[in-house]
Amino acid sequence: MSKASKQSVPQAIRGTQDIFGPDAEAFAFVVETFERVRKLYRFRRAEFPVFERTEVFARSLGETTDVVSKEMYSFEDRGGESLTLRPEFTAGIARAYLTNGWRQHAPLKLATHGPLFRYERPQKGRYRQFHQIDAEIIGAAEPQADVELLAFADQLLRELGIQDVTLHLNTLGDAHSREVWRRALIEYFELYRPHLSEDSQERLQKNPLRILDSKDRRDQKFLAEAPTIDAYLSEDALRFFDDVESGLKAAGVKYARATSLVRGLDYYRHTAFEFIPSENSSAAATLGAQSTVLGGGRYDGLLYSLGGPHTPAVGWAAGIERLAMLVGERAEEVLDLVVFSEHRESDGLAIAVATALRSAPKPLMTEFLYSGSRKKRYAKAQATGAYRGLSVEPFQGALGVVRLRDLNVEDERPMRKRIENALTAKFDCSETTIAKAHSWIINKKK
RNA sequence: GCGAUCGUAGCUCAGAUGGUUAGAGCGCCGGUUUGUGGUACCGGAGGUCGGGGGUUCGAGACCCCUCGAUCGCCCCA
């Protein structure tokens, strides 16, 4: 190990993470599972820019929301244009739908994943650069779209093996229902204004719906009597929600009605939902205060607010880090083989052997060791956890000899055959036994 | 933006009440042993104690600032 230079090592940006090892495996497992399940539902893969004009987010999320007013990474580019690193997927996807004329594909089911950026205080399950998987259906006004989207989410969580997470479902009604309800809430909470928490007194101005899921005890005693959306739903809105509920039952998706579930962002209508760990479950403990693992809803108002035609849409997003925490650490796959050269003269043959094994018709997952003293390599080979080891040494009158080493395996037969097939495909070699070890003398390359 | 706890070798951590050249285990490098070689033993490299300022005869330990981590509030996935 060499001495560190005098220069100080740069620190990672606050709230960013370098993910490696079992955590990275869990992350990849979430993405791979998402990719697999999304195809079953025929959501089409799409990629979107990581930054957009600032107005894309400002106009769609609402200027007063926390995300826009204090959490965006915005900057001017060299042309003086205000750009913003995406704090969420939906706005950018809506923009893409409009600018590319994707109405022709409606109803369009899209799936994507990648990094998002929010200037927030990092804590458990929350980062400044974080990652989401995302699914959207644009151009479908039917409640069946909501149902299919939720069935997808539900199946994804099951296939990830995540337990004790339940779907909380609510409706915010159509634009009119929502507005009437909102006014009723303000009127109700105004009565108790002095008794509310400071946060909720402020929410009364900015976002009265959010008072409903306040964690403050002072607020909670007023929540039971607060008006619920159900009393204000228009007939259409009511019928829509009924259809969603019966559709979910038909699809076998379990859910709990959550009348206090609301959405912070302005563009939501009708269906709103979150998958949340059950209280006192280990999943809840794992996630800490960041309980929502997947959330979304219908945003029929969004595309219009971006200057497009009235376009119905539903979607959800889920935090990959949070899902990965629930999945738990995943071990990397166990290696089939580890190959190491015992002498400098056999280094070339060793890499040729490793390559032959990796590119065989039935390839073997192979680690190739090159560091450490010769005598340390056997110990290193053990430590890789590979089932078998192959040492490569010079051999008189031949290119060299490959010897099979017992490492961490019991059933040696299938592996030995595969190794032999891989070797004979690339080399002229003969089997033998040297010092009781099964060996192949490599005569020449084919 | 607000609050709490924390920051000592690559990793996990010891270093009572401030006091001589800052320690252990693991890992890494080398050697002896072994010789289908995973063991055991010996040795070595590696730290301006997150950074800056202050108090003190003297600070890793105390104070202030700053950066970062962790966990809450807010908000959200």
Side-chain angles (χ1 to χ4, degrees), chain A residues 1-4 6 8-17 21 30 61 64-72 87-90 113 115-135 153 165 197-200 202-203 206-207 210-211 213-216 262-265 273-277 285 287-297 315-326 338 340 342 371-386 388-391 393 403-408 412 433-439:
Chain A
M1 194 160 289
S2 59
K3 197 165 185 168
K6 285 280 188 287
S8 64
V9 174
Q11 286 184 314
I13 303 295
R14 177 166 218 192
T16 64
Q17 4 163 37
V30 170
L61 303 188
T64 61
T65 56
D66 278 22
V67 171
V68 171
S69 63
K70 50 191 198 197
E71 294 176 1
M72 293 205 303
E88 56 126 42
F89 274 117
T90 308
H113 67 83
L116 294 306
F117 305 85
R118 248 122 87 165
Y119 191 86
E120 295 182 282
R121 192 75 169 260
Q123 59 193 67
K124 192 173 200 172
R126 182 210 282 186
Y127 306 94
R128 288 185 172 181
Q129 177 179 334
F130 59 105
H131 303 80
Q132 289 185 344
I133 51 179
D134 182 277
V165 171
S197 66
E198 299 76 26
D199 281 333
S200 285
E202 193 169 324
R203 281 189 276 236
K206 283 172 54 183
N207 199 350
R210 286 230 74 94
I211 300 176
D213 60 6
S214 168
K215 290 172 190 167
D216 198 299
V262 295
R263 311 263 71 199
L265 305 178
F273 53 85
E274 292 179 6
F275 285 78
I276 304 174
L287 286 176
Q290 267 55 242
S291 53
T292 302
V293 83
L294 182 154
W316 55 250
I320 297 177
E321 288 87 349
R322 292 183 189 178
L323 290 171
M325 287 196 286
L326 295 181
V338 51
F340 53 102
E342 300 225 35
S371 70
S373 65
R374 210 176 303 142
K375 63 164 301 198
K376 278 266 162 94
R377 290 189 187 177
Y378 190 87
K380 281 174 180 275
Q382 287 285 349
T384 62
R388 312 306 301 266
L390 288 184
S391 67
E393 293 173 77
R403 292 211 273 163
L404 185 65
R405 307 296 190 167
D406 292 331
L407 293 177
N408 307 306
E412 57 178 42
T433 300
I434 296 175
K436 287 187 284 181
H438 196 90
S439 309

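Order of the sequence lines fixes the chain letters, A, B, ..., with proteins taken first and strands second; residue numbering starts at 1 for each chain.
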### Task
Select one nucleotide: of B/rU36, B/rA77, B/rG37, the one nearest the side-chain heavy atoms of A/Ala437.
B/rU36
### Task
Would you kindly give the CD-to-C1' distance between A/Glu198 and B/rC75, to the nearest whole Å?
17 Å
### Query
When the C1' atoms of B/rC2 and B/rC63 are considered, how many whole Å apart are they?
23 Å
### Summary
If one requires at least 3 consecutive Watson-Crick or G-U pairs with distances under 3.5 Å, the stems of RNA chain B turn out to be B:1-7 with B:67-73, B:10-13 with B:23-26, B:28-32 with B:40-44, B:50-54 with B:62-66
### Task
Count the heavy atoms of every other residue, nucleotide or ligand shown that sit under 6.0 Å from CD of A/Gln123, and state whether that count exceeds 12.
yes
#### Entry: Integer angstrom distance from the C1' of B/rG68 to that of B/rA14
23 Å
### Query
Looking across every strand, which nucleic acid part, if any, lies under 4.0 Å from A/Glu321 by heavy atom: base, sugar-phosphate, or nothing?
nothing
### Task
In whole angstrom, give the distance that lies between atom CD of A/Gln129 and atom P of B/rG68.
16 Å
### Summary
Looking only at B/rG1, B/rC73, B/rC75, the nucleotide nearest the A/Ala289 side chain is B/rC73
### Query
Mind telling me whether B/rA16 is syn or anti, cutoff 90° either side of 0?
syn
### Task
Establish whether the base of B/rG37 is bridged to the side chain of A/Arg405 by a donor-acceptor pair shorter than 3.5 Å.
yes
### Task
Measure the distance from CD on A/Gln17 to P on B/rA69 and round it to the nearest whole Å.
11 Å
### Query
For the pair made of CD in A/Glu393 and C1' in B/rG35, what is the distance, rounded to whole Å?
11 Å
### Under-4.0 Å salt bridge between A/Glu274 and A/Arg263
yes
### Summary
By nearest-nucleotide position on RNA chain B, the 5'-leaning member of A/Arg403 and A/Lys70 is A/Arg403
### Message
Quick test of your reading of the model: are A/Glu393 and A/Arg403 salt-bridged, counting only N-O distances below 4.0 Å?
### Response
yes
### Query
Quick one: are A/Gln132 and A/Phe89 in side-chain contact, heavy atoms under 4.5 Å?
yes
### Query
Taking side chain as C-beta onward, heavy atoms only, is A/Trp316 less than 4.5 Å from A/Ile133?
yes
### Side-chain N,O (A/Arg14) to OP1/OP2 (B/rA69) below 4.0 Å
yes
#### Entry: Separation of the P atoms in B/rA45 and B/rA40, to the nearest angstrom
23 Å
### Rounded P spacing from B/rG18 to B/rG60 in Å
14 Å
### Query
Say you pick atom C1' in B/rC67 and the same atom in B/rG51; how far apart are they, in whole Å?
7 Å
### Query
Just checking A/Ala317: base, sugar-phosphate only, or nothing, at a heavy-atom cut-off of under 4.0 Å?
sugar-phosphate
### Query
Can you tell me how far P in B/rG47 sits from the matching atom in B/rC41, rounded to whole Å?
27 Å
### Task
Round to the nearest Å and state the distance from A/His113 atom NE2 to B/rA77 atom C1'.
16 Å
### Query
Taking the C1' atom of each, how far is B/rU55 from B/rA59, in whole Å?
10 Å
### Message
Test of understanding: with ring pair (Phe, Tyr, Trp, His ring centres under 6.0 Å), list the residues that count as partners of A/His438, not counting sequence neighbours.
### Response
A/Trp440
### Query
With a non-hydrogen cut-off below 4.0 angstrom, is A/Gly125 in contact with a base, only sugar-phosphate, or nothing?
base
### Proximal nucleotide (of B/rA77, B/rC73, B/rU70) relative to the A/Lys215 side chain
B/rC73
### Query
Nearest-Å distance, CG (A/Asp66) to P (B/rC2)?
15 Å
### Message
From C-beta outward on A/Lys124, which listed nucleotide comes closest to its side chain: B/rA77, B/rC75, B/rG72?
### Response
B/rG72
### Task
State the CG-CZ distance between A/Leu294 and A/Phe273, to the nearest 0.5 angstrom.
6.5 Å
### Task
Check every strand shown and say whether A/Gly15 touches a base, only sugar-phosphate, or nothing at a heavy-atom separation below 4.0 Å.
sugar-phosphate
### Message
Quick check against the 3.5 Å criterion: does A/Ser439 have a side-chain atom that pairs as donor or acceptor with the backbone of A/Ala437?
### Response
yes
### Message
Between B/rG15 and B/rA9, how far apart are the two P atoms, rounded to whole Å?
### Response
15 Å
### Query
How long is the line joining CG of A/Leu61 and C1' of B/rC75, in whole Å?
13 Å
### Query
So do the side chains of A/Leu390 and A/Arg405 get within less than 4.5 Å of each other, counting heavy atoms only?
no
### Query
Within this structure, what is the CD-to-P distance between A/Gln132 and B/rA77, rounded to whole angstrom?
7 Å
### Short side-chain N/O contact from A/Arg121 to OP1 or OP2 of B/rA4, under 4.0 Å
no
#### Entry: Contact nearer the 5' end of RNA chain B, comparing A/Ser214 with A/Ile320
A/Ser214
